[in-house]
Structures are given as structure tokens and as C-alpha cells.
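Have a look at the structure below, then the notes.
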Amino acid sequence: MVANNTDKPAPVTRPLPSLSEPDTAGFWQATKDQCFRYQQCSNCDTVIWHPRAHCTGCTNGRLEWRESAGLGEVYTFSVVRQSYHPFFRNKVPYAIVYVDLDEGLRLLTNMVGVEDPLEDVKIGMRVKLHWEVHDELSIPLVEPVKD
Amino acid sequence: MSRSERNAAIVGVYEFPSRDVDGEMSALQIKAACASAALADAGLAWSDVDALYDASEAAPMSGLMIAEYFGLSPSVIDTTAVGGSAFEFQAAHARNAILAGKCKVALLTYGSTAHSNATAIGVGGRGFGGLTPAENMESFVGQTLVANYAMVARRHMHMYGTTSEQLAEIATATRYHAMRNPNAVQAMQDLEFIDIRETTTDDVVNSRMIADPLHLLDCCMISDGGGAVVIASADVAQQCAQKPVWILGSGEATRYPANGGDITTSAGAQSAPVAFAEAGITPAEIDVAMIYDSFSITVLALLEDLGFCAKGEGGDYAAGGRLRFDQPGGPALNTDGGGLSSNHPGMRGIFLLIEAARQLRGQSTAQVSSAKLAVAHGNGGMLGSRHSAGTIILGGD
């Protein structure tokens with residue numbers, strides 16, 4: 001349980017990932033350098049996403065970090081019109097997308113770099129990573145690949 | 001004993017009538033009130049209960065406290081918690097325990113004060129409690145529950161040409177049934193629905209967008225509520241006050257985001273064939289389909305996954321009114337008014353069993369004439385990511 005701190009209002013920011021969650025810490029630590037890492041098993045070639053310490057394809061797996069080129073396409077999306085979250089309520093309308101990165105993993109993220117998320121997000125459109133920089137890590141968002 | 005025999009039945013049901021307890025009752029109190037009433041419905045007593053099922057929705061680690069609260073000494077305790085479909089899982093487990101000779105009378109209860117607590121389930125923050133690895137990869141996105149389901153709808157539209165008007169048919173059929181259920185009408189009044197009446201597809205598609213492409217009337221309500229189900233062995237069932245409603249088959253599954261996976265196919269595609277095969281029937285024989293309607297898209301995808309139509313054909317199938325209780329050509333859908341228009345306190349699965357039992361007893365407010373077979377399919381968690389599926393096939397006496 002998180003104790004309520006009534007001395008000062010909590011800053012209204014995007015909820016940031018934990019850098020100490022054991023399975024995913026290695027991914028988030030690398031984002032400080034804007035490096036998007038994913039895992040692949042050198043024994044059975046399974047691509048692992050989300051990051052974790054064990055291979056789901058074989059029982060004697062050896063996971064190795066690979067770096068994504070950061071390119072992919074939109075698998076599906078929604079544009080949020082109503083949120084009660086203290087940060088996101090002021091961001092509506094904003095687009096949530098599942099992106100299939102070219103290396104074979106499916107990332108849940110937000111689409112930025114579009115004038116109107118209601119009109120400019122399409123299934124199948126090509127996207128690239130757009131890093132939102134924070135102090136200890138960066139957030140992997142996506143933006144359209146300009147023709 | 002053969003599994004195809006009628007060896008376990010729903011013998012008692014109760015749905016808490018109010019959807020707004022105005023902070024006057026706790027979730028545990030609702031559970032206990034429903035348990036008493038369901039046992040009375042069956043003609044049984046607390047002391048008959050020897051198996052207890054609980055999803056811990058009203059108290060943590062309920063396997064340690066709920067027997068004490070009810071004053072029971074069960075010899076089977078099962079705390080399967082997989083979200084809103086927990087009650088379909090528990091019904092399957094209760095039947096298995098009865099079949100194994102471990103118990104004779106199983107009690108399932110549910111209680112929630114989501115409305116009184118002003119819990120913004122659909123558009124608030126969302127998580128399963130602790131920080132899981134998957135959540136640590138997703139929580140930065142601001143994905144509301146509605147948006148999670150909306151992503152399934154968007155992909156379904158892209159793949160199969162499904163339209164908002166076709167999704168709206170799910171909501172209008174459900175409202176058609178709700179208007180015949182006095183408790184559903186009262187629920188909509190208590191939750192301050194505006195303009196309570198039978199709806200048209202235009203009403204649905206013209207309601208405000210919550211998360212594209214889902215409109216307000218594609219979404220379920222957030223109510224208070226609760227219910228209880230009593231499941232008994234065949235020898236007990238034959239002595240009960242109500243006609244037994246037999247559990248003929250069950251299936252369970254989970255599904256989660258997979259690289260390259262199809263988001264329009266749910267865990268129901270795995271659980272339903274197992275349940276139908278065990279029951280020895282086909283979807284075409286089903287009279288009543290109680291399908292978890294968190295959102296219109298949930299039902300549309302599940303009509304396909306349960307085998308009522310092929311994947312991608314759910315839009316055409318839902319159109320034209322065949323899902324109404326008084327129309328031919330398909331099962332009657334969510335005849336109590338569903339989560340969309342009658343009762344959704346967060347985990348609706350128990351009401352699927354309750355209304356299916358009422359139908360097979362002949363006690364529904366939108367009664368299908370001579371209903372013989374029903375399916376109750378619960379979807380727990382989130383359809384667009386990790387979720388659970390419990391399918392129960394029920395047959396009348």
C-alpha cells in the first residue's frame with residue numbers, strides 16, 4: 001500500500017514504469033539511452049515480449065537482448081475521448097495503438113505526431129519510435145513514418 | 001459415473017434486486033443476503049452447504065474468512081478468481097467436486113458496491129493490484145478499459161467490415177429485454193439513465209463516443225449488486241424446491257497478448273468447443289445465450305467464438321433482430337437486460353448462470369417458450385489483452 005502524502009499534491013505526470021520490477025528493469029534501464037531492447041532465445045529463436053527472465057519457447061532457453069530498429073505498423077488502435085485519470089483526462093482525445101514492430105513483437109503505446117488523432121491514425125500505417133525523455137528513462141511512443 | 005449423465009444441477013438462484021444500495025450495505029452483506037435467498041429458493045439451509053466458492057471480490061484471501069462469515073464448515077473451498085467469469089469457472093469446479101464425491105451442495109456468491117463507491121471501472125485507472133511485468137510495460141499508455149475493448153472492435157471492423165450499426169444491434173436487443181424486466185428498469189432509473197426506453201441503432205451510434213469506435217450505449221453500466229447460485233448433486237437436486245437446471249458441459253481458457261496474435265479471437269474459442277463437446281450438443285440447439293456483455297463488441301466476438309456463426313460474420317449475424325427472445329433464427333441473448341441495461345457491478349458472470357437458470361425453469365421476464373438449453377459464457381479481465389473464458393452449458397429437467 002502506498003501511504004497518502006497529504007503535505008503536497010502529487011505532481012500530475014504520465015505514470016512512469018518502475019525501474020526495479022525484476023522482469024522488465026533491463027528494458028527500462030536501456031531506454032535512458034533511447035535504446036529499444038527485446039529478448040530472443042538463442043536456443044529456440046523465440047522472440048519474447050514483454051521482457052522476462054525465462055524463455056516461454058523452451059525449458060533450457062538462453063535469452064539475449066536484441067535492439068529493435070524501431071519501425072513497425074499499426075495493428076489496431078482506439079482514440080480515448082473520456083478518462084478520469086488525473087494526467088490523461090487533460091490529454092483527450094489521444095490515440096492508443098498496438099504496433100507490430102518489424103522484429104515480430106507487439107507493443108502497446110501512444111501515437112504522437114499526428115494533427116488529429118481522430119482522422120490521422122489508421123490500421124496498417126507505418127510508424128517509428130518517438131522517445132519521450134524523462135530523467136531516468138524514456139518512454140517509447142510512436143509517430144507516423146513520413147512518405 | 002459418466003460425465004454425460006445429469007449429475008450436478010443449479011437448484012437455487014437469487015439476484016439482488018437493487019443496483020444502488022446508497023452506501024447502506026457492504027459487499028459482504030449483499031453476498032450473505034443473496035446466499036440466504038438462494039438457499040431458500042432451493043429449499044435448503046445453510047447447514048446443507050458443504051462446498052464454498054468465492055472470488056475474493058469482497059474481501060481479500062476470502063478462503064480464510066468467508067466460511068466464518070457465513071458460519072459454515074465446508075469440506076471443499078475454492079477461491080478461483082479470474083475476473084467476471086469466475087462464477088462459470090466455479091460452477092465447473094463445483095460440478096467436478098460433486099462428481100468426485102467430495103461434496104453435495106456448493107454455494108457461489110457475489111457482492112459489489114461499485115456504484116456506491118463511485119468506482120470508475122471503464123474510464124478510470126486500471127490494474128489488477130500489484131505491479132506485474134506486463135503492467136509495467138503498459139501503464140504509461142493511459143489505456144482505459146473501454147479503449148482496451150475498443151481496440152478489438154476497431155480491428156474487427158478493419159478485418160471484416162463490421163459496422164457500428166451492427167454492434168448497436170447487440171445493445172438494442174439487450175435493451176428490448178431490459179424493458180421487460182422491472183428490476184432492470186428500476187436499475188436504469190436508480191443509475192440515472194436518461195430517456196429510458198427501447199432503443200434504436202441510431203440511438204446507440206448517436207450516443208457520445210467514449211473510446212473509438214465504442215459509444216456510450218455500447219458500454220455496460222456500473223451498478224451495485226450481487227447474487228448467489230446453489231449447485232447440488234443429483235440426489236439432492238431431486239428433493240429441492242425448484243426444477244433442477246443441469247450442468248451438461250464446461251470449458252475454461254485464458255488468452256493474453258501474443259506477438260502476431262489475432263485480437264478479434266477470444267479465449268472463448270478455446271473454452272466453448274470443449275463445453276459443447278462434453279454436453280454433446282451444437283450451438284444451433286441453444287435456446288438462450290447468456291454472454292457477458294461488458295460491451296457490444298464482447299458479445300459480437302463471442303457469438304463467433306462460441307460457434308453461433310463463423311469468425312467475421314458476427315456483424316451480419318447480430319443484425320436483423322434474431323437475438324431477441326421472441327424472434328426466430330438464433331438464441332435469445334441476455335434476456336435479463338444484460339450488463340448493458342440491467343446489472344453490471346464489475347463481475348457479471350454470476351448473473352449469466354442465474355438468468356439461464358430462470359429461463360430453463362420458465363421464470364424469465366423475457367421468457368423463451370419451452371427453452372431447453374442455454375449457454376452461460378463469462379469473459380473476465382480485458383478482451384483486448386489478458387482475459388479468461390468460462391463456458392457452461394445448461395439443460396432443463
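Computed from a predicted model, the values in this text were never measured in an experiment. Worth knowing before you read on, the calculation uses all heavy atoms, side chains too, and leaves out hydrogens, waters and symmetry mates.
For B:A258, the part lying near chain A is the backbone, with the side chain staying farther off; criterion is any non-hydrogen pair under 4.5 Å. Residue A:L107 does not touch chain B at all, counting heavy-atom pairs closer than 4.5 Å. Both the backbone and the side chain of A:V47 come within less than 4.5 Å of a heavy atom of chain B. With a threshold of 4.5 angstrom between heavy atoms, A:R14 approaches chain B through side-chain atoms but not through N, CA, C or O. Looking at A:F27, only its side chain comes within 4.5 Å of chain B, counting heavy atoms on both sides. Contact of A:F87 with chain B is not made at all, since no heavy-atom distance falls under 4.5 Å.
With 3.5 Å as the limit, one finds a donor-acceptor pair spanning the side chains of A:H134 and A:E132. No hydrogens or angles considered: a donor-acceptor pair under 3.5 Å links the side chains of A:E103 and A:S68. Judged by distance alone, the side chains of B:T264 and B:D262 do bring a donor and an acceptor atom under 3.5 Å apart. In this structure, a donor-acceptor pair under 3.5 Å is present between the side chains of B:R175 and B:S341. B:S385 and B:N148 are linked by a side-chain donor-acceptor pair at a separation below 3.5 angstrom, with hydrogens and angles left out of the test.
Ranked by heavy-atom pairs under 4.5 Å with chain B, the first of A:W49, A:Y98, A:Y75, A:F77 is A:Y75. In terms of heavy-atom pairs under 4.5 angstrom with chain A, the leader among B:A150, B:G260, B:A153 is B:G260. Your options are B:G261, B:P213, B:S139, and the one with the most heavy-atom pairs under 4.5 Å with chain A is B:G261. Between chain B and the residues A:N110, A:I139, A:D23, the largest count of heavy-atom pairs under 4.5 Å involves A:N110. For the set A:R52, A:R81, A:H50, A:K122, the entry with the most heavy-atom pairs within less than 4.5 Å of chain B is A:R81.
In this structure, A:N60 places its CG atom where more than 12 heavy-atom neighbours from other residues, nucleotides or ligands lie under 6.0 Å away. Within a 6.0 Å radius of CZ in A:R62, no more than 12 heavy atoms belonging to other residues, nucleotides or ligands are found.
A salt bridge between B:K311 and B:D305 is present, with a side-chain N of the basic residue lying under 4.0 Å from a carboxylate O of the acidic one.
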